[in-house]
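Single-structure report; data block below.
From a predicted model like this one, the values you see are computed outputs, not experimental measurements.
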Amino acid sequence: MYSLHVEGMSCNHCISKVTRSVKKVDDTAKVDVNLATKKVSVDSKADLDDIVHVISEAGYAVEYSN
């Protein structure tokens with residue numbers, strides 16, 4: 001499971017956009033977004049760099065520790 005800090009999320013549309021982005025890499029991924037803390041938890045077998053890349057491509061700044 002990956003825990004990411006994602007800046008720029010402010011609404012339900014943002015939650016959907018981040019979730020759809022992750023599902024492009026792994027359609028079986030479980031994605032939990034908390035707008036209040038800007039935390040995104042991703043349970044996926046996909047590579048972390050790929051997940052970070054698609055969220056960044058969606059327009060959000062992602063911080064994580066490798």
key: Heavy-atom check, side chain of L4 versus side chain of L48, under 4.5 Å   = yes
ask   = Can you name the side-chain contact (heavy atoms from CB on, under 4.5 Å) partners of D32, sequence neighbours left out?
value = S41
request  = Name all residues meeting the side-chain contact (heavy atoms from CB on, under 4.5 Å) criterion together with E57; count only those two or more places apart in sequence or in a different chain, and write none if there are none.
outcome  =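 So E57 forms a side-chain contact (heavy atoms from CB on, under 4.5 Å) with H53.
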ask   = So, Y64 versus D49: side-chain donor-acceptor pair below 3.5 Å or not?
value = yes
How far does [atom1] of [X] sit from [atom2] of [Y], to the nearest 0.5 angstrom?
X   : Y   : atom1 : atom2 : result
D50 : S21 : CG    : OG    : 13.0 Å
H5  : Y60 : NE2   : OH    : 13.5 Å
M1  : D43 : CE    : CG    : 4.0 Å

inquiry  = By the definition side-chain contact (heavy atoms from CB on, under 4.5 Å), identify the one residue from V33, I51, V40 that meets it with V22.
reply    = I51
query = For T28, which residues count as a side-chain hydrogen bond (donor to acceptor under 3.5 Å, both in side chains) partner, sequence neighbours excluded?
reply =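 Expected list: D26.
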query = Under 3.5 Å, side chain of K38 to main-chain N/O of M9, donor-acceptor pair present?
reply = yes
Just list the side-chain donor-acceptor pairs under 3.5 Å for residues 12-20, sequence neighbours left out, or say none.
from : atom 1 : to  : atom 2 : distance (Å)
S16  : OG     : N12 : O      : 3.3
K17  : NZ     : A58 : O      : 3.0
T19  : OG1    : I15 : O      : 2.8

